[in-house]
Amino acid sequence: MDKRYDHQEYEQKIYGLWEENQVFSPAKQLAKNQKPFTIIMPPPNANDPLHVGHAMFVAIEDVLTRFHRMLGDDTLWLPGADHAGIETQFVFEKKLKKENKTRFDFDRETLYQMIWDYVQENSGVAIKQMKRLGASADWSRFVFTLDQKAVDEALKTLLKLDQDDLLYRDEQLVNYCTHCGTSFSELEVIHQEQTTPLYYVKYPLVDRVGEFVTVATVRPEPIFADTHLAVNPKDKKRRALIGKKVLNPLTQVEMEIIGDDFVDPDFGTGVVKLTPAHDREDFAVAKKLGLPINPAIDLMGRIVATGGKYAGLKVKVAREQVVADLQKNGLIEKIDESYKNRIATCYRCKHVIEPLLLPQFFIKVKPLVKPVLEALKEKKIRIHGTGYDKILKHWLENLYDWNISRQIVWGIRMPVWYDLEKNLDLSITFLTKTGEKITGTSSELLAKNYAIKEIGQGLQELRAPLTAEYMIALKSPGENYLQETDTLDTWFSSAQWPFTTLKSLSEKDFERFYPTQVLETAYDILMFWVMRMLFMGKYVTGKLPFTDIYLHGLIRDAKGQKMSKSKGNVVNPMELTEKYGADALRMALIIRSTPGLDKAVGEQDFRAMRNLTNKLWNASRFVLEHLDTTQAGEEKINDQFNKKIEEVSQVITKNLTNFQLGLAAETAYNEFWHWYCDECIETAKAGKLGGQQLIAGLQTFLKLLHPFTPFVTEAVWQTLVEKKITNEPLLITALWPTKSKE
RNA sequence: GGACUCGUAGCUCAGUUGGUUAGAGCAUUCGGUUUACAUCCGAAAGGUCAGAGGUUCGAGCCCUCUCGGGUCCACCA
């Protein structure tokens with residue numbers, strides 16, 4: 001053995017050894033009394049290289065996987081990759097922009113293919129990197145969210161939802177990003193506090209010249225489309241206004257003042273303007289009272305054609321002009337420049353989200369969520385991560401129906417079909433064979449004798465009014481049909497990941513490995529992903545997809561600051577692996593970590609853990625090569641030594657069983673270094689502890705440390721194998737030192 | 001406004017159902033070793049476990065309040 005452990009020399013070699021022996025895949029046949037242990041890997045984006053957060057999940061999940069594999073469980077860690085709809089299309093569009101192109105230059109099928117090819121180019125990177133970190137996942141079972149079989153499984157669920165009357169199409173206010181060109185679910189919207197001027201706008205009273213009703217608003221630009229003001233009927237000061245009429249300050253059209261108790265008499269002026277097409281609350285009121293809902297802003301974020309002189313202006317510009325015009329006419333009482341409110345922004349591009357009226361597909365969540373809430377109550381779901389069980393409960397109880405329509409091409413296209421001849425008012429944009437862009441309604445296009453086939457092939461966008469008749473089917477119902485251009489929310493397929501993966505592999509795998517045991521991920525996608533997996537899994541398979549949820553925290557820099565590119569404190573896991581070794585990186589991330597809490601790590605931590613790998617190596621080297629074991633002939637068995645070894649095994653096993661990985665790692669570290677090395681080896685040097693016993697103890701420690709630092713422990717193990725000290729050929733599949741007690 | 005979470009050595013954090021002198025890494029001081037360890041070992045110093053009150057034979061751990069970080073959620077236009 002060399003004087004020093006050189007991770008560069010061993011890591012690749014050791015990983016190759018494992019791959020050759022195909023130890024990552026569970027045995028072909030299930031042995032007797034074997035319990036399954038399955039973890040579905042949170043699929044990284046197919047397109048992105050790994051960041052340190054990925055290293056964290058690899059470290060944790062690999063520890064659990066290796067632990068259970070050594071316990072003899074039927075262990076499967078199933079890897080995959082996610083198409084990450086919006087993220088990926090966003091990145092791709094940026095790339096297009098550099099080439100002076102946009103998505104509007106291509107029909108959707110061509111665009112889809114281009115993104116597919118682009119993703120393929122980068123898809124191997126993440127896998128290679130996870131392997132470098134030592135991930136013992138079963139790569140032969142790798143699944144991509146857009147693999148046909150996985151897609152088919154996901155779509156079956158859509159049909160089931162439809163049959164069970166849990167899927168509906170409705171025109172509602174949806175969170176629409178005019179920049180990304182798609183709607184979002186409530187989860188993808190970030191509310192940010194901003195200082196926005198609050199304008200006090202005066203509405204002239206119709207029957208009392210010179211008198212006004214003042215309304216405070218942060219959004220003056222859609223005033224032209226407003227038709228009503230509202231006050232609270234319980235508001236003694238203002239309820240007399242109910243039924244009175246005012247003039248719209250922009251259009252001079254008469255507006256009625258109505259009463260509804262959603263108005264807070266103490267806020268602003270106690271009078272509200274109703275903008276039902278662009279405000280969730282106003283929309284609800286308008287629906288309730290049957291008021292008109294007039295859109296003022298279009299999908300491009302511009303004022304609609306009915307906006308008179310403001311038509312076509314971007315919202316921001318329109319606002320400035322409207323305010324200027326109102327001021328000119330003396331209709332602005334005052335402007336509160338210091339007003340703070342929270343506005344919805346796109347989590348992806350940070351632009352302002354416009355609530356827009358759009359027909360979309362929704363999933364009714366209430367019935368789906370119910371059994372999960374019950375399971376949570378009965379403690380059938382265990383969440384490791386302080387406080388997150390309560391957060392999950394809160395979300396489950398307050399979830400809106402799930403908007404699953406996305407106006408992007410990179411994703412699973414909705415299996416929704418419109419008969420062109422029955423729906424003459426579809427709004428269609430397509431590119432002809434010669435590349436000419438045509439926009440029109442279905443009746444217009446049919447009148448111009450465009451073949452439906454040609455439209456379908458060059459289709460860019462199809463927008464169907466709420467009244468359109470549609471069919472849901474996996475295949476085209478006939479020649480007259482065009483398929484919906486919207487895709488499904490990425491999380492719709494992700495929500496089914498625990499079973500669509502297994503089912504797409506084989507029904508046998510599904511039977512054998514579902515439900516899974518552990519779901520491990522960062523706490524920030526608890527609601528996006530974990531919550532939805534719970535209710536979709538339960539709905540489709542009748543079983544909860546997993547029982548233990550381990551939520552790891554975010555990795556911060558040594559000073560505890562969030563990592564960000566602008567701060568320049570981002571650490572690249574591959575550089576760290578290069579410098580200190582994968583074992584050191586894994587150990588530094590895991591040791592003393594606590595689920596649900598963020599962790600600060602820095603160079604000194606990686607160095608310290610690199611020293612551990614070297615310590616492991618050298619302690620082994622000493623015991624195997626330098627210690628005089630010839631005196632072993634009259635070796636006295638030291639009971640205390642054996643007792644302590646057993647005790648340490650028990651503690652670490654218990655910690656791992658209870659998902660206390662940080663504690664397990666710390667215990668292993670301390671007991672190995674400060675007890676085994678500092679005390680026992682020194683005692684042995686003095687001839688008071690036998691070499692054979694020390695070697696047996698070393699084997700136990702190699703096993704206990706293997707889940708955390710797989711490479712160096714396996715490297716040492718191989719010398720044990722060479723020296724014929726052990727008959728277990730690989731540490732990765734060696735038997736765990738002690739039985740787990742549950 | 002509601003909820004969650006953290007506050008332990010100079011710094012970053014552990015502390016498993018409350019139980020003997022509260023731990024680790026890094027940093028500091030002193031000594032040793034360089035025939036396992038581009039290092040390592042031994043020793044020292046450093047904490048009224050945010051503060052106050054309570055439960056208990058016993059509290060870093062449980063309860064209440066206060067102060068101070070962080071995070072999430074909410075339709076005050």
Side-chain angles (χ1 to χ4, degrees), chain A residues 1-5 173 186-187 190-191 196 198-201 215-220 229-230 262-275 278-285 339-342 344 355 385-395 398 523-524 526-527 553-554 556-562 587-588 591-594 596-627 651-652 654-660 662-667 669-670 673-674 677-679 681-682 684-685:
Chain A
M1 290 171 85
D2 297 328
K3 220 176 156 194
R4 187 170 61 137
Y5 174 64
L173 279 191
E186 62 187 297
L187 293 172
I190 297 169
H191 291 90
T196 324
L198 182 64
Y199 304 95
Y200 287 74
V201 181
V215 174
T217 181
V218 292
R219 297 212 65 177
L229 300 185
F262 86 95
V263 182
D264 178 357
D266 299 325
F267 184 82
T269 61
V271 189
V272 178
K273 75 182 177 75
L274 288 179
T275 312
H278 302 287
D279 182 283
R280 201 170 212 143
E281 199 177 6
D282 296 359
F283 180 77
V285 173
Y339 180 69
K340 285 201 175 99
N341 75 337
R342 291 170 68 83
T386 349
Y388 285 99
D389 49 341
K390 287 170 194 159
I391 291 177
L392 177 64
K393 181 166 168 276
H394 176 264
W395 270 94
N398 294 292
Y523 62 72
D524 56 356
L526 175 65
M527 288 82 88
L554 310 177
R556 295 165 177 268
D557 73 6
K559 289 174 196 153
Q561 290 182 306
K562 237 179 183 170
M587 196 62 172
I591 194 165
R592 268 167 270 119
S593 70
T594 313
L597 296 182
D598 295 352
K599 176 156 176 81
V601 288
E603 290 288 319
Q604 61 192 32
D605 300 294
F606 302 122
R607 210 181 313 124
M609 294 308 135
R610 191 269 324 269
N611 288 351
L612 170 70
T613 59
N614 195 47
K615 186 78 178 174
L616 255 162
W617 180 258
N618 271 293
S620 307
R621 184 161 74 94
F622 178 76
V623 171
L624 296 175
E625 293 182 358
H626 293 257
L627 188 67
V651 169
I652 291 172
K654 189 178 147 205
N655 288 338
L656 285 174
T657 310
N658 295 338
F659 295 92
Q660 293 168 304
L663 199 53
E666 186 178 17
T667 308
Y669 178 102
N670 285 338
W673 195 312
H674 299 307
C677 295
D678 294 351
E679 288 182 35
I681 292 185
E682 294 309 313
K685 277 183 188 170

With the side chain of [X] defined as its heavy atoms from C-beta on, choose the nearest nucleotide among [options].
X: A:Trp395; options: B:rC73, B:rA14, B:rC37; value: B:rC73
X: A:Glu666; options: B:rU5, B:rG23, B:rC37; value: B:rG23
X: A:Arg4; options: B:rG15, B:rC73, B:rA38; value: B:rA38
X: A:Thr594; options: B:rU16, B:rC37, B:rA14; value: B:rA14
X: A:Leu597; options: B:rU16, B:rA14, B:rC75; value: B:rA14
X: A:His674; options: B:rA77, B:rA24, B:rC73; value: B:rA24

Identified pairing partner of [N], criterion: Watson-Crick or G-U wobble below 3.5 Å:
N: B:rU33; answer: none
N: B:rG18; answer: none
N: B:rG25; answer: B:rC11
N: B:rC4; answer: B:rG70

Would you classify [X] as touching base, sugar-phosphate or nothing, given that sugar-phosphate means primed atoms plus P, OP1 and OP2, and contacts are heavy atoms under 4.0 Å?
X: A:Arg219; value: nothing
X: A:Gly553; value: nothing
X: A:Glu682; value: base
X: A:Tyr523; value: nothing
X: A:Lys273; value: nothing
X: A:Trp617; value: nothing
X: A:Asp678; value: sugar-phosphate
X: A:Leu274; value: nothing
X: A:Asp264; value: base
X: A:Ala600; value: sugar-phosphate
X: A:Arg607; value: nothing
X: A:Lys393; value: nothing
X: A:Arg280; value: nothing
X: A:Lys390; value: sugar-phosphate

[N] [atom2] sits how many Å from [X] [atom1], rounded?
X: A:Asp2; N: B:rC37; atom1: CG; atom2: C1'; result: 13 Å
X: A:Gln604; N: B:rC26; atom1: CD; atom2: P; result: 8 Å
X: A:Asn670; N: B:rU16; atom1: CG; atom2: P; result: 15 Å
X: A:Asp282; N: B:rA77; atom1: CG; atom2: C1'; result: 7 Å
X: A:Asp557; N: B:rC26; atom1: CG; atom2: P; result: 19 Å
X: A:Ile391; N: B:rG2; atom1: CD1; atom2: P; result: 17 Å
X: A:Met609; N: B:rA24; atom1: CE; atom2: C1'; result: 8 Å
X: A:Trp673; N: B:rA24; atom1: CH2; atom2: P; result: 13 Å

Could you work out the separation of [N] and [M] based on their [atom1] atoms and round it to a whole Å?
N: B:rC57; M: B:rC11; atom1: P; answer: 37 Å
N: B:rA3; M: B:rU64; atom1: P; answer: 12 Å
N: B:rC40; M: B:rG25; atom1: P; answer: 11 Å
N: B:rU16; M: B:rU33; atom1: P; answer: 41 Å
N: B:rU17; M: B:rU34; atom1: P; answer: 46 Å
N: B:rG60; M: B:rG47; atom1: C1'; answer: 11 Å
N: B:rA77; M: B:rG18; atom1: P; answer: 46 Å
N: B:rG7; M: B:rC49; atom1: C1'; answer: 10 Å

Does [X] use its side chain to pair, donor to acceptor, with the backbone of [Y] at less than 3.5 Å?
X: A:Asn614; Y: A:Tyr5; result: yes
X: A:Asn655; Y: A:Gln660; result: no
X: A:Asp2; Y: A:Arg4; result: no

Short side-chain N/O contact from [X] to OP1 or OP2 of [N], under 4.0 Å:
X: A:His191; N: B:rU71; answer: no
X: A:Asn611; N: B:rC40; answer: yes
X: A:Thr275; N: B:rA77; answer: no
X: A:Lys615; N: B:rU39; answer: no

Handout entry: Parallel, tilted or perpendicular, as decided by the 30° and 60° cut-offs, for the rings of A:Tyr523 and A:Tyr388
Key =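 A:Tyr388 vs A:Tyr523 ring planes: parallel.
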
Handout entry: cation_pi(A:Lys615, A:Tyr669) dist<6.0 Å, angle<=45
Key =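 Checked: cation-pi criterion not met.
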
Exercise for the section: Heavy atoms only: give me the nearest A:Ala665-A:Ile591 pair and the separation to one decimal. Expected result: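 So the two residues come closest at CB-CA, 3.8 Å.
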
Problem - Residue pair A:Arg342 / A:His191: nearest heavy atoms and the distance that separates them - result: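 Minimum heavy-atom contact is NH2-O, 3.2 Å.
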
Problem - Earlier contact from the 5' end, RNA chain B, for A:Gly662 and A:Val218 - result: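 The residue mapped nearer the 5' terminus is A:Gly662.
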
Problem - Contact nearer the 5' end of RNA chain B, comparing A:Tyr388 with A:Val601 - result: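 Looking at RNA chain B, the more 5' nearest nucleotide goes with A:Tyr388.
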
Practice task
Kindly label the base of B:rA38 as syn or anti, based on whether its glycosidic torsion lies within 90° of 0.
Solution key: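 Syn conformation for B:rA38.
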
Exercise for the section: Verify side chain to side chain contact (heavy atoms under 4.5 Å, CB included) between A:Met527 and A:Ile391, making sure each step is shown before the conclusion. Expected result: CA-CA 9 Å; A:Met527 288 82 88; A:Ile391 291 177; 4.3 Å; yes

Exercise for the section: List the steps, then state whether side chain to side chain contact (heavy atoms under 4.5 Å, CB included) holds for A:Trp673 with A:Asp678. Expected result: CA-CA 6 Å; A:Trp673 195 312; A:Asp678 294 351; 3.8 Å; yes

Practice task
Assess whether side chain to side chain contact (heavy atoms under 4.5 Å, CB included) is satisfied between A:Thr657 and A:Lys654, documenting all intermediate values.
Solution key: CA-CA 5 Å; A:Thr657 310; A:Lys654 189 178 147 205; 5.6 Å; no

